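Following this message is one structure expressed as structure tokens.
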Amino acid sequence: MMNLDYKLLSALNAVVEQQGFELAAKKLFISQPAISLRLKNLEEKVGQPLVIRGHPIRVTAAGEKLLSHYKMVQQLENDLITDLFPAIPSHPVKISLAVNADSIATWFLDAMAPILKKYLIEMNLITANGAETLNKLRSGQAVGAVMNIESPLPGYRSFKLGGMNYILVASKDFRQQYFSQGVNKESLKMAPSMNYDYRDNMHQDFMNKHFDLDASEYSSHKISSSEAFVDLAKRSLACCLIPQLQIERELADGELINLCPKYRLSETLYWHSWVLVKGLNKQISQEIVAYGRQVLEN
């Protein structure tokens with residue numbers, strides 16, 4: 001039976017995290033030939049390639065499994081150290097989490113604040129949406145995630161947080177310019193809108209469901225920033241589907257207007273974490289679930 005050599009696994013992890021052999025070598029305080037040799041030895045042990053060398057460096061299916069295992073072992077070690085020496089942190093505990101952009105822009109940092117104040121943590125917050133978020137867990141890049149997918153990966157479990165409600169908003173000037181005759185199929189064809197990226201189909205779903213509009217029938221800016229949605233709407237440059245939680249002040253003072261009060265889009269969010277999570281990671285999960293359920297609509 002082959003035993004895993006964690007020195008070799010750490011080399012694989014460093015190469016993928018640092019996206020290069022030279023930077024990985026510096027991180028592990030060894031030479032570049034040494035880290036190349038470690039990766040080669042690991043690939044020989046498992047009998048197949050673990051990384052696809054290129055820009056960016058990508059992992060194979062076998063590499064993903066090894067990295068996921070390595071990350072879980074690191075997580076167990078962090079939990080053990082925190083439990084054994086809670087008052088004597090020797091170095092920051094590294095926590096990588098994958099979270100959708102709208103949660104980061106609204107409630108997620110508030111959920112993490114008590115943990116970040118209490119413990120010495122180096123948080124790596126990865127912005128990801130949908131299936132991309134699931135892939136961050138699968139590859140071991142993240143140990144927990146907020147996403148709109150309920151079914152967990154093997155070894156993980158999911159917790160329902162609640163619904164994030166989205167409404168179509170614009171400024172008063174934008175409404176006057178494009179919707180003086182009302183918000184309807186014809187006026188929406190002429191009004192610039194927003195998408196997060198090419199994978200974001202929320203606006204498209206909203207338009208199709210309520211106005212029978214196909215994505216090819218209207219123009220849509222693509223900007224990967226939740227904050228930019230609010231900014232462009234306030235500048236009268238687009239109508240945007242935005243979480244109501246994110247713009248409560250703007251709605252209250254009339255800076256933004258709900259264009260379609262009868263309609264909204266609700267996306268249910270779930271927190272995914274490892275089944276065996278304990279210690280500090282368990283506390284993080286508990287804080288996220290409790291706060292998410294408090295602020296999101298159930």
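Bear in mind that the values here come from a model prediction, so they are computed numbers and not experimental data.
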Of all pairs that satisfy side-chain hydrogen bond (donor to acceptor under 3.5 Å, both in side chains), the ones with a partner from residues 99-117, not counting sequence neighbours: Asn100-Ser103, Asp102-Tyr166, Asp102-Ser226, Ser103-Trp107
Would Lys172 and Glu255 pass as an ion pair if we require N to O under 4.0 Å? no
Are any of the side-chain heavy atoms of Leu134 and Arg138 separated by less than 4.5 Å? yes
Are Leu241 and Met194 close enough that some pair of their side-chain heavy atoms sits under 4.5 Å apart? no
Start with the C-alpha distance between Asn165 and Glu297, add both sets of side-chain angles, then the distance that settles side-chain hydrogen bond (donor to acceptor under 3.5 Å, both in side chains), and finish with yes or no. CA-CA 8 Å; Asn165 294 322; Glu297 185 167 308; 2.9 Å; yes
Hey, is Asp212 close enough to Lys185 for a salt bridge, meaning N to O under 4.0 Å? yes
Sub-6.0 Å ring centroid separation between His203 and Tyr218: yes
Hey, does Val99 have a side-chain heavy atom less than 4.5 Å from the side chain of Ile126? no
Strictly below 4.0 Å, N to O, side chains only: are Glu43 and Arg53 in salt-bridge contact? yes
Could you label the plane-to-plane angle of the Tyr263 and Phe211 rings as parallel, tilted or perpendicular, counting under 30° as parallel and over 60° as perpendicular? perpendicular
Would you say Ser216 and Asp214 are linked by a side-chain donor-acceptor pair, where the criterion is simply a distance under 3.5 Å? yes
Do we see a donor-acceptor contact under 3.5 Å between the side chains of Ser224 and Asp197? no
For the residue pair Ser187 and Asn184, confirm or rule out a side-chain donor-acceptor distance under 3.5 Å. yes
Test item: side-chain donor near acceptor, Ser285 and Trp271, under 3.5 Å: yes
Parallel, tilted or perpendicular, judged at 30° and 60°: which one describes the rings of Tyr178 and Phe174? tilted
